[in-house]
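Just so it is clear, the values below take in all heavy atoms, side chains as well, and ignore hydrogens, waters and symmetry mates.
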Amino acid sequence: MRTFEKSSKLENVCYDIRGPVMDEANRMIEEGVDILRLNIGNPAPFQFDAPDEIIHDMVYNLRNAQGYSDSRGIFSARKAIMQYCQLKGIPNVGINDIYTGNGVSELIVLAMQGLLNDGDEMLVPMPDYPLWTAAVNLAGGKAIHYVCDEQSEWNPDIEDIKKKITSKTKGIVVINPNNPTGALYPKEILEQIVQVAREHELILFADEIYDRLVMDDLEHTALASLAPDLFTISFNGLSKSHRVAGFRSGWMCLCGNKSKVKGYIEGINLLASMRLCSNVPSQYIIQTALGGYQSADELLLPGGRVYEQREFVYNALKEIPGVSVVKPKAAFYIFPKLDSKKFNIKNDEQFALDFLREKKVLIVQGTGFNWKDPDHFRIVYLPNVIELKSATDKLADFLSAYRQK
């Protein structure tokens, strides 16, 4: 009998945020088990609603959104994105340098497919949002992971980046603010990354989807604003800041010096045209979202939900014996460290499964974010404080007796 296997192109492609641990959670849910999901950055299930004016805009424009748009997107959306780039100091972005997408995820895959040949290397942070590694591998490239240093508030290790550059390296991916650590990189670190890219003639890929979710009176610096002489692709969108993850409203901008990437841009245009266009109704909300009152701001101040939930989960985790944690400065993720010797942890996926089965709480293990050791996990702190207290109490109780077999 003839059988069919998955494509060999998928052999090195992983996305454990929706992997085996979530599969087990779904099986338990089907059996009627109530699971607290701390595994995915999806605001809507936790009563983070989109602003009313955004819902109104989408509904009002539905009749105008029945047909395809330009493959890059409608004019009003791209104009608003261009103006946002100007506010962020992102250089040399015109209307035709902007591509709307079905979320940033689609555009990351498109950008990697358009650039990488078999064996090309891309520097990707460790830990990373795993789609980046998956997209590089799917395109035939090889993701080379540079270390983000937990002892330095999860900032990229510049010397490690330098050591990992070879003749095959095409670019550097920078996720700032970072998922899964919640780190916000200071301007000085970003300038050093830009200098490395300048010296080695590399492309910069700036994943800045959380740039409007920054706390503690800190400011986000757009990577492209520091590199007008280099080519940078900047990625952003509304999923998180405007609580519309299901609308799939993202974009990428071609920034800076484009003189040496004309062939690459031709490839991007081809791939953008092949998928016809992004979701048109979601394009109609971009102008209002970027130009109007930024309701996320109040969530990030003392008394706001994201801020207070960050404060609670950080303080609760650091009090658990065998757990240490760096306080996140942005987004809504925290990436605690486990004392792997104390708990005898050799397999962090097994740890996540054990915790799920015993305490009915779903987390993602650190190796799911391409972290090198089985000693971290990510918590999404979108649930309210009552639910987070339940989760951290359960974790403390679980770890008090846990020794991996």
Side-chain angles (χ1 to χ4, degrees), residues 6 10-41 125-130 133-134 137 143 145 147-151 154 179-182 312-326 328 333-383 387-405:
K6 69 181 180 182
L10 297 174
E11 287 301 318
N12 296 314
V13 176
C14 297
Y15 191 73
D16 282 348
I17 292 176
R18 296 180 182 263
V21 181
M22 187 168 180
D23 290 342
E24 175 66 5
N26 287 335
R27 185 195 66 77
M28 295 168 67
I29 290 168
E30 288 172 3
E31 293 180 353
V33 179
D34 186 21
I35 302 294
L36 177 55
R37 294 171 176 252
L38 305 180
N39 67 309
I40 194 163
M126 176 177 63
D128 71 337
Y129 177 58
T133 294
N137 291 338
H145 293 102
V147 173
C148 294
D149 183 4
E150 189 168 15
Q151 302 304 312
W154 288 115
N179 177 7
T181 65
F312 175 83
V313 77
Y314 168 70
N315 288 314
L317 286 168
K318 72 178 184 178
E319 295 303 318
I320 299 174
V323 176
S324 58
V325 63
V326 176
Y333 308 107
I334 193 165
F335 200 57
K337 182 177 183 179
L338 295 162
D339 185 335
S340 55
K341 290 184 178 179
K342 175 181 175 67
F343 303 118
N344 195 40
I345 296 175
K346 307 294 184 185
N347 183 326
D348 59 351
E349 183 179 283
Q350 188 60 52
F351 160 76
L353 282 167
D354 291 341
F355 183 42
L356 170 66
R357 288 166 178 155
E358 183 173 327
K359 296 297 185 180
K360 316 301 186 290
V361 179
L362 177 58
I363 58 171
V364 182
Q365 70 277 10
T367 53
F369 302 94
N370 294 295
W371 183 246
K372 61 186 187 302
D373 299 313
D375 59 358
H376 283 75
F377 62 98
R378 189 189 74 171
I379 286 178
V380 177
Y381 55 85
L382 285 170
E387 291 178 302
L388 289 173
K389 184 177 189 309
S390 174
T392 53
D393 285 349
K394 288 178 177 180
L395 178 64
D397 184 62
F398 175 78
L399 289 175
S400 68
Y402 186 69
R403 301 294 181 275
Q404 193 168 94
K405 297 178 181 178

Q. Just by modelled atom types, is the Tyr129 backbone N or O under 3.5 Å from a matching donor or acceptor in the Asn179 side chain?
A. no

Q) Any idea which heavy atoms bring Asp128 and Pro180 closest together, and the distance? A) O-CD, 3.9 Å

Q.
With salt bridge (charged side-chain N to carboxylate O under 4.0 Å, His left out) as the rule and sequence neighbours excluded, what pairs involving residues 388-405 come up?
A. Lys359-Asp397, Lys389-Asp393

Q | Side-chain heavy atoms of His376 within contact of Glu150, under 4.5 Å | A | yes

Q: Over all heavy atoms of both residues, which pair between Met126 and Trp371 is shortest? Give the atoms and the distance, please.
A: O-CZ3, 3.4 Å

Q: Of all the heavy-atom pairs spanning Pro383 and Leu36, show the shortest one and how long it is.
A: CG-CD1, 4.4 Å

Q: Please report the C-alpha distance between Glu319 and Asn315 in whole Å, then the side-chain angles of each, then the deciding distance to 0.1 Å, and finally whether the side-chain hydrogen bond (donor to acceptor under 3.5 Å, both in side chains) criterion is met.
A: CA-CA 7 Å; Glu319 295 303 318; Asn315 288 314; over 6 Å; no

Q. How many angstroms lie between CD in Glu24 and CG in Leu353, if you round to the nearest 0.5 Å?
A. 6.5 Å

Q: Heavy atoms only: give me the nearest Pro336-Leu317 pair and the separation to one decimal.
A: CG-CD1, 3.6 Å

Q) Would you say Gln151 has more than 12 foreign heavy atoms packed within less than 6.0 Å of its CD? A) no

**Q.** Ionic contact status for Arg27 with Glu30, cut-off 4.0 Å
**A.** no

Q. With under 30° as parallel and over 60° as perpendicular, where do the rings of Phe343 and Tyr402 fit, or are they tilted in between?
A. tilted

Q. Side chains of Ile345 and Gln365: closer than 4.5 Å at any heavy-atom pair?
A. no

Q | Distance, nearest 0.5 Å, that separates CD of Glu387 from CZ of Arg37 | A | 12.5 Å

(Q) So if I apply the side-chain contact (heavy atoms from CB on, under 4.5 Å) rule between Phe377 and each of Asn39, Leu395, Leu38, Ile334, which one comes out positive? (A) Leu395

Q: Give the minimum heavy-atom separation between Arg378 and Gly41, together with the two atoms involved.
A: NH2-N, 4.3 Å

Q. Parallel, tilted or perpendicular: which fits the ring planes of Phe355 and Phe398, with parallel below 30° and perpendicular above 60°?
A. tilted

**Q.** Val323 versus Leu338, closest heavy-atom pair with distance
**A.** CG2-CD2, 4.1 Å

Q: Answer whether the closest heavy-atom distance between the side chains of Pro20 and Glu349 falls below 4.5 Å.
A: yes

Q: Might you confirm whether atom NZ of Lys372 has over 12 heavy atoms from other residues, nucleotides or ligands at distances under 6.0 Å?
A: yes

Q. Taking atom CG of Leu388 and atom CG of Leu382, what is their separation to the nearest 0.5 Å?
A. 9.0 Å

(Q) I want to check something: taking the side chain as every heavy atom from C-beta on, are Val325 and Tyr314 in contact at a cut-off of under 4.5 Å? (A) yes

Q. Does a side-chain heavy-atom distance below 4.5 Å link Leu399 with Phe351?
A. yes

Q: Can you measure from CZ (Phe369) to SG (Cys148) and round to the nearest 0.5 angstrom?
A: 13.5 Å

(Q) Any non-hydrogen side-chain atom of Val21 less than 4.5 Å from a side-chain atom of Val364? (A) no

Q: To the nearest 0.5 angstrom, please state how far the CG atom of Asn26 sits from the CD1 atom of Ile35.
A: 9.5 Å

Q) Sub-3.5 Å donor-acceptor pair from the side chain of Asn344 to the main-chain atoms of Gln404, do we have one? A) yes

(Q) For a 4.5 angstrom cut-off between non-hydrogen side-chain atoms, does Trp154 reach Pro127? (A) yes

